[in-house]
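Just so you know, residue 1 is the first one in the sequence shown, and it goes up from there. Nothing here was measured: the structure is a model prediction, and the numbers come from that model.
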Amino acid sequence: MRRLLIVVAALAVAGGAAVAVLGRDPSGPFPPAAELRFRGFAAWPVDTVEEAEAECATPEGWRLDARATALRFARQILRYPEPHAGDASGEQVHRARLLIGSDATRDLFLGSVLELARFGQCWYVTGGAPREGDVLATLGFVYRDGRPHLLLGHFPVLPEGFVGYGDWETEIEGGARQTVTWMPELEPGATGHAIYTRPDARGVSESVGVRTLGHVPPPPEGPPAEPLGVADVVDDPEVCRIDSSPSRSPERLIRYLYEWTFDDLLEQVDGYARYERRGFRHLGGDRWRLVVDDAVLIARIPEIAGRCYKLVSMRPAGTSPPLRRLWVGDEAVTFELDWREGDEATVAAGTASAGLGGTLERIDERVTFPRDAEPPPAGVPTYARVVLYERGHVVSAYYGLFGSD
């Protein structure tokens with residue numbers, strides 16, 4: 001983490017007074033063990049509780065103020081010339097969210113948003129994103145010879161930055177679609193960070209992505225999860241809360257699929273995804289036939305407990321699905337894909353619209369995505385979604401619900 005202080009560029013919060021609410025309480029509580037396990041600690045200037053306790057025993061003055069901490073990050077990591085901060089939103093005793101920018105770059109970009117938290121006496125950067133858009137990359141793990149390797153990916157290409165756990169940190173070289181990085185043996189329970197930047201020719205980053213990382217999950221164990229059928233869920237009203245696709249009619253749900261599910265890696269024309277072919281036809285009952293570019297899919301969309309219409313399954317017609325196997329664990333979800341002719345894929349899993357997953361360039365190994373929240377209660381199904389692309393066109397897709405013990 002310490003290399004970050006001299007190498008990359010951070011979010012800035014401008015001059016001005018310290019956050020007034022800081023005077024209410026001299027210290028902030030440290031996260032509980034469960035939160036550290038799934039969400040991690042902080043991203044900058046350190047990323048573990050142990051480092052925080054050591055380096056903040058006798059802190060420098062800027063560490064005691066949220067705005068000063070954000071400004072320091074902006075100067076050193078983002079290299080904003082003369083950074084400043086707008087009004088804080090959602091500001092609390094131990095939390096702050098600040099819009100940062102620079103007059104010198106006003107005509108180039110709109111600035112970035114930083115999230116900060118106070119643990120003990122000191123403030124830490126815990127999150128960050130551009131004011132408009134998103135630069136956070138896909139993050140997962142690949143296990144080789146029983147050892148975790150860090151997988152980073154992003155569409156269209158990876159930004160620059162740093163990723164690490166505790167004392168270990170490695171530089172992210174921008175420009176590739178995807179990279180798999182060896183990791184050393186980490187301390188048990190180590191937490192980490194990822195910081196992404198997009199520096200211009202002067203080294204000023206037009207945006208930032210900041211993410212805290214929980215514990216590295218173990219490789220999948222035991223048998224894969226079994227998919228559920230319509231009969232397993234049709235009477236369960238809780239299924240209407242899973243994912244963001246429940247709707248008041250099958251037709252509306254299918255339109256949602258075309259507008260949001262299939263289009264992530266497609267060419268955009270005037271802000272809309274460009275499909276070579278798209279259309280749907282009712283086959284009877286809860287069965288629908290969908291055409292998406294080169295993919296022909298059979299979807300099951302029953303009415304659930306009289307409350308919603310829900311996509312329960314979607315598979316390619318006449319061939320095997322792109323999802324070969326899925327492992328659902330307390331700490332992570334692991335995908336094993338059947339790529340066939342595909343060269344890229346979007347994958348997602350979870351119980352709500354903010355599921356885990358990302359964008360993958362073809363990789364024939366299993367990919368494990370860590371949870372950033374505690375697993376759902378027993379009995380709540382997990383959804384899994386895969387869209388497979390070849391040269392920017394949809395060639396296959398899959399959606400399924402999986403049981404949880």
Inspect the surroundings of [atom1] in [X] and state if more than 12 heavy atoms from other residues, nucleotides or ligands are less than 6.0 Å away.
X      : atom1 : value
Glu173 : CD    : no
Glu251 : CD    : yes
Arg39  : CZ    : no
Arg325 : CZ    : yes
Arg307 : CZ    : no
Arg274 : CZ    : no
Glu187 : CD    : no

For the side chain of [X] and the backbone of [Y], is there at least one donor-acceptor N/O pair under 3.5 Å apart?
X      : Y      : value
His215 : Gly189 : yes
Arg371 : Gly329 : yes
Trp327 : Phe335 : no
Arg177 : Pro156 : yes

Could you check whether [X] pairs with [Y] (Lys NZ or Arg NE/NH1/NH2 to Asp/Glu carboxylate O, under 4.0 Å)?
X      : Y      : value
Glu344 : Arg391 : no
Arg97  : Glu115 : yes
Glu365 : Arg144 : yes
Arg340 : Asp338 : yes
Arg202 : Asp200 : yes

> Between CZ of Arg252 and OH of Tyr309, what distance do you get to the nearest 0.5 Å?
Replying inline: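 OH of Tyr309 is found 12.5 Å from CZ of Arg252.
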Validation row: [X], [Y] side chains within 4.5 angstrom (heavy atoms):
X      : Y      : result
Arg315 : Ile298 : no
Leu326 : Thr334 : no
Thr212 : Asp47  : no

>> Less than 6.0 angstrom separating the ring centers of Phe262 and Tyr275, yes or no?
In response: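 For Phe262 and Tyr275, the ring centres are not under 6.0 Å apart.
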>> Tell me if the aromatic rings of Phe141 and Phe369 count as close, with their centers under 6.0 Å from one another.
In response: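 That pair fails the under 6.0 Å test.
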> If we ignore angles and hydrogens, is there a donor and acceptor under 3.5 Å between the side chains of Asp243 and Tyr399?
Replying inline: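 Checked: Asp243/Tyr399 side chains pair up, N/O donor to acceptor below 3.5 Å.
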>> Please enumerate all residues that pass side-chain contact (heavy atoms from CB on, under 4.5 Å) together with Tyr272, with sequence neighbours excluded.
In response: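 For Tyr272 there are no side-chain contact (heavy atoms from CB on, under 4.5 Å) partners, ignoring immediate neighbours.
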>> For Glu55 and Arg63: C-alpha separation, side-chain torsions, deciding distance, then whether salt bridge (Lys or Arg N to Asp or Glu O under 4.0 Å) applies.
In response: CA-CA 10 Å; Glu55 60 91 29; Arg63 300 300 319 282; 2.5 Å; yes
>> Checking His154 against Gln178 for the side-chain hydrogen bond (donor to acceptor under 3.5 Å, both in side chains) test, could you report, in this order, the C-alpha distance in whole Å, the side-chain angles of both residues, the deciding distance, and whether it holds?
In response: CA-CA 7 Å; His154 193 273; Gln178 181 172 286; over 6 Å; no
